[in-house]
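Written out below as structure tokens is the structure these notes cover.
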Amino acid sequence: MDTSLLKGLNAEQLAAVTWPPAAALVLAGAGSGKTRVLTTRIAWLLDTEQASVHSIMAVTFTNKAAKEMQHRLGEMVPYSTRAMWLGTFHGLCHRFLRIHYQDAGLPSAFQILDSGDQLSVIKRLLKGLNIADEVLAPKSLQYFINNSKENGQRASVLSANDVAMRQLVQCYQAYDDLCQQEGLVDFAELMLRSYEVMQTHANIRLHYQQRFNHILVDEFQDTNNLQYRWLKLFAGDSAAVFAVGDDDQSIYAFRGANVGNMSALMRDFGIDAPIKLEVNYRSVGHILTAANTLIANNEQRLGKNLRLPDESANAHGEKLRFYWADTDFIEADFVVKEAKARVQEGVAFDNVAVLYRSNAQSRVLEQALFAAGVPYKIYGGLRFYERQEIKHALAYLRMAVHPQDDNAVLRIINMPPRGIGARSIEAVQAVAQDLQLSLWEALLHLATEPKNRKLIVFVELIQNLQIQAQGLDLAETVQAALNLSGLVEHYQNAKGDNQERIDNLQELISAAMAFKPDEVVLDEWASPDTETLPLVAFLSNASLEAGERQAGEGEAALQLMTVHAAKGLEFDTVFLTGLEEGLFPSDYSLQERGGLEEERRLMYVAITRARQRLYLSAAQQRLLHGQSHYAMVSRFVQEIPEDVVQALSSGLKRAQPSLKTREEPLIKAKSKQDSFAGFALGQNVRHEKFGVGVIIDASHKGEHANLKINFGKNGIKELNTQFAKLERVGG
DNA sequence: GCCCTGCCGGTTTTT
DNA sequence: CCGGCAGGGC
């Protein structure tokens, strides 16, 4: 075995990495080396031949995390792992449905709807059904549909007790019918459809259940109900599910994430205790103390405490700095001043982050930074594939492979303007309605009449594109779509500065050049039309991966983002702003069940982003929606022990209710070097009866020791080294 | 077919 | 207060 793989892992990490092939839940605290554990375990499974590239499934939530894993794995494993089922939930569902599109009842060139596309379809649907926005808001229908799907419910199984519900269910059904007819699949549908195929096709189910003997899941606390059921179905009875997550960092309940899946996993898979990764390699001691103390106020926890690595037992670092400003403007000036000073001290700009609870708060900060000439970068806003010019270009490309897409037709039939106005479009829609045709088919029908000159121009344009696409590679096809459509000329001639849009369209060609289609799909996809496969794959990718959510590029700049967006990132210095009651925790959250605890977890995420220095700030008076609001300091600031915080403002103190002082040190570095009769915490051992397990606790007993060992499915045993026959396993 | 005005809404967001 | 969007006017 390649022993260098396991080098440098601490006992907890080692225990997780080398966990026997059985279900496990790893509670990975912030900065505890979670991604490393996940990738090292995969590498270890491959290296020890417990699994092959073919028999492992690894699931993440974001494309970024998937790429990071793929990348790190590439450095650990001497051969290509591109064929591995490693990707986001939705990416893997997409792969599955491309392969099994026939069993799923989908056309081979089915298209993926992103949330914006989905909303357009819904608006179109409601218009067609003559339901006014005031009667049923498109957004609430969208929410209802996605929610139902994420709970595994089709319209057919939903019961309607009242008028409003009946309408929702009917619209849901109509929406699904429309999508089916046009070959459209939304995000939730990707999950639900693949789940249903697995459920109803025993041969497919058995194939995957036998094939995957290891299923690894990242950010497990963020899974929703359907994703959990999906995982269980793929795992079957035999696959070892290895889930990594942190209940304290569960901040997406508002969009369906169910932390309860963590305890459900333990129950359903017979996991006795989670493996805890509690050694934090990121932050100094005072920051960990603040985080630990704060989160201890939550009752709904699996329980976990971050601690320093042994070798830095005394590294408390600087205290947190709290600034209570009179107004949000003064707070912003404070951030600017301190950030500049920090950069003077030698910290790179992009190693300094300014975090806030809601996007609206970035405005004041931006103004102050701009005025001071401090470079900054805001995360948030439009992403590359969500930009209108890109959406237009993609719609042309869709028409090349799947002209039944009415959404695409409506988007580009008069973009750039070619004299086809609302009246003409209505006429096309009427024909489509009468003859039960797609808009494209209706257009073909109408184009037989010479008087419809303008429609004929459009039809010929698209047909031309369709023909050209057959002989061109992907990037050339994109180029052809841009040329034929006249989009670039349109933006050149339109008034205002459209250079950025034109640049983006050029960038789309570069993206097409760099695009590498999913090899697994290309190999297994039994599509009749191999010519257009790369294009369909490119379009799917555009929906699944909307691109970086970031403005600007390049030069060193201060990082501004919401706390949500900061999850998973780390910085030398962090400014946590707007720590006021009503804002953080937000008033909205307090009205919801469990809302306060989720806000506290959000605060916990925010605190644990900082490595060396953490600023907390609040403003007494803040301009919101054009009105002055006065607020008290957030309760979360009060929950941080006084002795790790330094108050910077002289007049107004951190103040208010008396602060609890910490009674016992919260950071107890437990030494992994400590030997308990020759055994160490986290070490893997084999027992002739119980199999392989990990030492999770130990105490001295004379010259012998009592060891608490987790044998996975065989339970946790307390054994005395004097009597038990234990054999050391692994590195 | 485009532009302008008036109104509404206003946590967090990935896929 | 400010931005997005829909609908009406030209």
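We use all heavy atoms of the structure for the numbers below, so side chains are in, but hydrogens, waters and symmetry mates are not.
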Notebook entry, point to check: Which residues satisfy the side-chain contact (heavy atoms from CB on, under 4.5 Å) test with A:E545, sequence neighbours excluded?
Noted result: A:N63, A:K67, A:N541
Note to self: Please give me every residue in residues 582-594 of chain A whose heavy atoms get under 4.0 Å of an atom in DNA chain B, ordered by residue number.
What the structure shows: A:S586, A:Y588, A:S589, A:E592
Margin query: Once side-chain contact (heavy atoms from CB on, under 4.5 Å) is applied, do any residues pair with A:Q429, and if so which ones, sequence neighbours excluded?
Written below: A:L410, A:I425, A:E426, A:L439
Close N/O contacts between protein and nucleotides 5-8 of chain B (under 3.5 Å):
none

Next item on the list: Only pairs at least two apart or in different chains count here, so list each salt bridge (Lys or Arg N to Asp or Glu O under 4.0 Å) that has a residue in residues 581-597 of chain A.
Entry: A:E581-A:R635
Checklist line | A:E189: partners by salt bridge (Lys or Arg N to Asp or Glu O under 4.0 Å), with sequence neighbours left out | finding: A:K149, A:R154, A:R193
Notebook entry, point to check: In chain order, what residues pass the salt bridge (Lys or Arg N to Asp or Glu O under 4.0 Å) check against A:E219, with sequence neighbours excluded?
Noted result: A:K34, A:K567
Item checked: Under the salt bridge (Lys or Arg N to Asp or Glu O under 4.0 Å) test, residues paired with A:K516 that sit two or more places apart -> none
What protein N or O atoms touch nucleotides 5-10 of chain C N or O atoms at under 3.5 angstrom, if any, and at what distances?
from	atom 1	to	atom 2	distance (Å)
C:dA6	OP1	A:K123	NZ	3.3

Check: Which residues satisfy the ring pair (Phe, Tyr, Trp, His ring centres under 6.0 Å) test with A:F61, sequence neighbours excluded?
Finding: A:F89
Next item on the list: To the nearest Å, give me how far apart NZ (A:K67) and C1' (B:dT14) are.
Entry: 14 Å
Check: Tell me: CZ of A:R418 to P of B:dC2, nearest whole Å?
Finding: 12 Å
Next item on the list: Applying side-chain contact (heavy atoms from CB on, under 4.5 Å), name anything that partners A:A610, two or more places apart in sequence or on another chain.
Entry: A:I287, A:V574, A:L614
Next item on the list: Check side-chain contact (heavy atoms from CB on, under 4.5 Å) between A:T562 and all other residues, then give those that pass, not counting sequence neighbours.
Entry: A:Y356, A:N359, A:H564, A:A565
